[in-house]
Engineer: 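Input: one structure, supplied below.
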Amino acid sequence: MSIKFLPPLRLLNPSPPVTRFPLMNVGLSINTRRSIPIFSRVLPFKFKYPGYASQFSTRSFRPGPTGSRPEFSRRTGSKPERGEVRTSKSLVEDEAEISDWVSDLRTSSFRGRLTSEDESDSDMGRRYGSKRGPARDRDSGSNRGGAREGFSTKRRRESDSDEFGEPARRRTESTFGPPRKNRGTMGLQNEKSGRGERDLWIKRDDKGVKGERGFIDHDDEVVRGEGERKGLMRNPGGLVTGEDSDDDDDDNGVFEKNALSSTGLKKELDRPSLSSSSDSFMSETRFDQCSISPLSLKGIKDAGYEKMTVVQAATLPAIVKGKDVLAKAKTGTGKTVAFLLPSIEVVVKSPPLDRDQKRPPIIVLVICPTRELATQAATEANTLLKYHPSIGVQVVIGGVRIASEQRNLQANPCQILVATPGRLKDHIENTPGFATRLMGVKVLVLDEADRLLDMGFRKDIEKIIAAIPKQRQTLMFSATVPEEVRQICHAALKRDHEFINTVEEGTEDTHSKVRQMHVIAPLDKQFPLLYVILKDHIADDPDYKVIVFCTTARVTGLVAGLLGELNLNIREIHSRKGQAYRTRVSDEFRKSRGIILVTSDVSARGVDYPDVTLVIQVGLPASREQYIHRLGRTGRKGKEGEGILLLAPWEEFFLSTARDLPITEAPMPSIDPDTKKKVERALSQLDMNSKQTAYQAWLGYYNSQKKVGNDKYRLVELANEFSRSMGLDTPPAIPKLVLGKMGLRNIPGLRSK
Ligand SMILES: Nc1ncnc2c1ncn2[C@@H]1O[C@H](COP(=O)(O)OP(=O)(O)OP(=O)(O)O)[C@@H](O)[C@H]1O
């Protein structure tokens with residue numbers, strides 16, 4: 001059965017045809033075991049370069065006598081093979097866990113949107129509504145109005161929220177597959193049709209017997225019944241219950257019972273139980289063993305790189321052969337060079353620019369989810385291009401005047417463009433001649449691919465892909481490639497792409513040299529605890545360099561204010577800060593020691609700050625993936641590091657979603673009465689506005705976390721606990737409009753204005 005597609009509605013703005021990503025279909029993800037043997041294909045992999053041949057194989061690596069050789073797996077086609085599914089299945093150990101996992105899959109994409117105040121923040125006005133005001137405000141870097149976090153939260157969830165009416169309709173607009181009630185389990189196979197790329201879906205019955213078939217065509221738009229998508233997004237369980245509420249008291253007890261000296265945690269962290277062997281990120285292959293242009297080799301040498309990292313050695317052969325590649329490698333292992341170097345080689349091999357050409361083509365397009373990351377990738381590209389003076393790199397990111405970017409694009413060579421999605425889309429729509437230049441793209445790179453394919457960016461990415469040639473090479477890189485991303489990535493990748501996974505089978509997605517611990521404490525203990533943990537770490541390591549991740553921009557602002565009042569050497573980065581400020585602070589933090597960066601998820605992915613000694617995550621991470629990326633700011637390039645996750649008792653469920661990661665319980669540091677008083681005094685010094693906005697943002701964030709937000713009554717109780725933890729007797733009032741948008745009108749305990 002083939003599906004009839006309706007043409008996209010075009011009203012005011014004529015837009016290019018859109019490549020549609022199939023929605024992440026949970027049913028598909030958890031049933032891949034059955035479909036795999038039919039669809040997966042492992043092509044023999046022959047190395048072109050002698051240097052690689054001895055080093056890698058397509059088979060799983062079993063440590064030899066030296067035990068040091070890294071393992072990676074490589075396969076082609078859009079379907080995972082057995083080994084890989086085992087890896088993702090390690091998250092899902094039994095049937096009961098599957099439902100938890102499914103809930104997480106359902107929520108993870110919009111969770112990401114809610115928390116990650118990445119580039120999307122600045123462009124949210126454009127992406128989620130027709131009003132351009134908010135985006136402009138943000139771009140100018142000014143703080144406006146306490147209600148905005150609530151609104152931006154709403155915008156970010158618009159496309160898949162049940163609470164706001166409009167979203168449910170939108171959600172159905174791009175749903176693919178057969179009507180839900182007819183769905184059994186399904187497998188997807190990508191193939192080319194006369195009309196472009198499409199996915200074959202095959203329905204299976206309970207025994208896995210093939211039944212109904214159909215196609216999902218990426219070039220068309222489908223309108224489908226509402227119930228189908230809702231069924232995917234609703235969380236059947238996982239509410240925070242009254243029992244959890246009672247647990248708060250119990251946990252207070254535990255808190256006191258477990259209390260050690262304030263240095264207890266530090267001592268625990270000092271224990272030398274880290275394995276050092278399996279984490280080698282360097283390969284034995286030298287860059288000069290590969291067919292790379294001599295000028296690029298000179299640039300590499302000047303950058304101080306001699307041997308390739310594992311991911312570089314693993315992906316380079318396939319990329320230089322022109323293959324599409326989806327690569328997974330742990331954080332801080334050199335993925336940026338892995339995609340930049342072969343991309344530069346494509347430019348080198350392209351015909352030189354014609355000086356008279358009015359609209360010279362952009363040859364390589366790199367898309368990154370955050371401004372910091374885009375800037376960093378461009379800097380790395382410039383380093384590698386040191387001896388290629390005629391090749392130009394330009395960056396287009398939110399928060400910068402679009403007119404100045406337009407001038408730059410006009411005046412300077414730009415064979416390589418690094419962009420954040422929202423701003424790139426702006427240029428496609430508003431910069432004269434830009435769309436023509438994009439028609440020259442030969443290589444598309446999606447850095448942090450899983451994030452870019454997330455719902456928050458998906459529409460922009462679809463538009464961007466529609467604006468570049470179909471005949472191109474696509475490279476996708478990330479430290480996390482959840483199964484549902486595997487399911488949809490072939491909308492952008494060719495059918496015969498290679499999935500190169502450098503994470504050794506049976507090992508964690510995190511580095512063994514990074515010790516991971518959790519501290520569970522009720523909200524009223526968390527600010528003092530954070531202070532104690534930081535003080536201990538500072539006392540322990542005079543060269544400390546710490547990142548503290550908070551759930552939202554406003555909460556980040558509050559925590560930074562508090563730690564500043566406590567005389568710690570604090571810097572803060574989040575989406576409420578102007579871009580110039582963000583860039584300056586980021587540069588300063590990169591170069592400094594003895595410093596603490598308090599940040600939201602704008603710094604979660606990709607940012608390469610050297611020698612971060614400790615990452616603290618306060619509150620529920622948006623997802624297991626986000627936890628991994630945040631943690632990955634420490635322990636880069638094979639170094640050691642520490643991570644502490646500070647959760648309230650009712651957030652402890654997160655640990656079961658990250659059960660495959662070695663997060664151990666930390667001994668509870670004790671808070672002496674002086675410290676408690678000191679923190680209370682510091683809290684009282686903070687201005688009311690920062691507490692009000694933090695409270696509202698906190699409520700918005702947890703409202704979006706299904707396991708907490710489904711029970712609105714409990715949610716409000718917890719929010720008011722947070723309010724008390726800031727030293728407030730009465731919770732701040734929230735504008736009625738915002739409460740309405742959050743679906744929290746008339747919930748007892750909330751004050752409205
Ligand atoms: N061949 C190499 N030899 C030594 N250092 C390298 C090499 N390639 C890259 N690096 C360095 O490794 C560090 C980490 O690289 P990069 O930021 O690309 O990691 P990543 O894998 O993209 O991390 P994340 O997943 O956090 O984005 C950078 O400082 C980079 O300069």
Side-chain angles (χ1 to χ4, degrees), residues 100 104 111 115 238-269 271 510 514-537 546 548-551 555 559 614-624 626-628 630-631 642-672 675-676 679 698 701-702 705-709 711 714-715 717-726:
D100 269 3
D104 293 326
R111 276 186 196 163
T115 60
L239 302 182
V240 176
T241 64
E243 279 172 32
D244 292 323
S245 153
D246 293 333
D247 283 345
D248 285 348
D249 286 342
D250 290 340
D251 281 319
N252 270 330
V254 171
F255 182 87
E256 299 302 339
K257 217 163 41 203
N258 286 351
L260 297 181
S261 73
S262 67
T263 52
L265 178 60
K266 182 179 70 181
K267 287 195 185 114
E268 179 69 13
L269 293 171
R271 254 191 353 212
T510 49
V514 176
R515 178 188 294 282
Q516 301 172 56
M517 309 189 88
H518 64 76
V519 175
I520 310 287
L523 291 176
D524 66 331
K525 301 280 193 299
Q526 291 201 350
F527 289 136
L529 262 180
L530 177 62
Y531 179 55
V532 169
I533 292 170
L534 284 167
K535 289 288 279 181
D536 276 354
H537 185 76
V546 181
V548 178
F549 282 103
C550 304
T551 46
V555 175
V559 172
L614 171 66
V615 167
I616 304 178
Q617 306 191 36
V618 183
L620 193 66
S623 62
R624 171 187 169 276
Q626 205 69 349
Y627 169 86
I628 290 172
R630 286 162 150 198
L631 182 78
E642 288 167 3
I644 296 175
L645 175 62
L646 182 50
L647 296 176
W650 45 270
E651 292 171 312
E652 213 174 333
F653 66 86
F654 174 81
L655 296 174
S656 66
T657 70
R659 189 174 289 176
D660 58 322
L661 305 177
I663 312 173
T664 57
E665 188 181 352
M668 188 65 68
S670 70
I671 305 163
D672 62 58
T675 303
K676 192 165 173 271
V679 173
W698 193 99
Y701 174 73
Y702 284 97
Q705 304 297 310
K706 293 226 165 180
K707 287 203 170 172
V708 186
D711 183 341
R714 178 75 179 127
L715 169 73
E717 278 173 25
L718 295 172
N720 292 350
E721 209 176 302
F722 176 69
S723 166
R724 284 192 294 278
S725 79
M726 293 188 288

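Reckoned from all heavy atoms, side chains included, excluding hydrogens, waters and symmetry mates.
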Engineer: Any donor-acceptor pair under 3.5 Å linking the side chain of E651 with the backbone of L620?
Structural biologist: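 Between the backbone of L620 and the side chain of E651 there is a qualifying donor-acceptor contact (under 3.5 Å).
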Engineer: Does a side-chain heavy-atom distance below 4.5 Å link Q516 with Y627?
Structural biologist: yes
Engineer: Under the criterion side chain to side chain contact (heavy atoms under 4.5 Å, CB included), I'd like the reasoning laid out for R624 against D660: C-alpha separation, chi angles, the key distance, then a yes or no.
Structural biologist: CA-CA 10 Å; R624 171 187 169 276; D660 58 322; 2.7 Å; yes
Engineer: Side-chain contact, heavy-atom cut-off 4.5 Å: L645 with L655?
Structural biologist: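 Contact flag for L645/L655 side chains = yes.
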Engineer: If you look at every heavy atom in V514 and G643, which pair is closest and at what distance?
Structural biologist: CG1-N, 4.3 Å
Engineer: Does V519 reach the side chain of M517, with side-chain heavy atoms less than 4.5 Å apart?
Structural biologist: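 No, side chains not in contact.
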Engineer: With heavy-atom distances below 4.5 Å as the criterion, would you say the side chains of V618 and L530 are in contact?
Structural biologist: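 A side-chain contact under 4.5 Å exists here.
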Engineer: With the side chain counted from C-beta on, respond yes when L534 and I616 share a heavy-atom pair under 4.5 Å apart, and no when they do not.
Structural biologist: yes
Engineer: Could you give the distance from CD1 (I520) to CG (L529), rounded to the nearest 0.5 Å?
Structural biologist: 11.0 Å
Engineer: OG of S670 to NZ of K676: how many Å apart, nearest 0.5 Å?
Structural biologist: 13.0 Å
Engineer: Measure the spacing between CD1 of I671 and NZ of K525 and express it to the nearest 0.5 Å.
Structural biologist: 6.5 Å
Engineer: Do T675 and K535 come close enough that some side-chain heavy atom pair is under 4.5 Å?
Structural biologist: no
Engineer: Of all the heavy-atom pairs spanning A658 and I663, show the shortest one and how long it is.
Structural biologist: CB-CD1, 4.1 Å
Engineer: Find out whether L646 and Q526 are in side-chain contact, i.e. whether some heavy atom of one side chain is under 4.5 Å from a heavy atom of the other.
Structural biologist: yes
Engineer: Would you please name every residue forming a side-chain hydrogen bond (donor to acceptor under 3.5 Å, both in side chains) with S725, sequence neighbours left out?
Structural biologist: none
Engineer: Y701 vs V708, test: side chain to side chain contact (heavy atoms under 4.5 Å, CB included). Steps then yes/no.
Structural biologist: CA-CA 10 Å; Y701 174 73; V708 186; over 6 Å; no
Engineer: Can you measure from CG (L631) to CZ (R515) and round to the nearest 0.5 angstrom?
Structural biologist: 12.5 Å
Engineer: Rounded to the nearest 0.5 Å, what separates atom NZ in K707 from atom OG1 in T657?
Structural biologist: 7.0 Å
Engineer: My understanding is that only residues two or more places apart in sequence, or in another chain, count here; which of them pass ring pair (Phe, Tyr, Trp, His ring centres under 6.0 Å) with Y702?
Structural biologist: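 Applying ring pair (Phe, Tyr, Trp, His ring centres under 6.0 Å) to Y702 gives W650, W698.
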Engineer: Do H518 and E665 come within less than 4.5 Å of each other through their side chains, counting heavy atoms only?
Structural biologist: yes
Engineer: Measuring from D711:CG to L718:CG, what's the distance to the nearest 0.5 Å?
Structural biologist: 8.5 Å
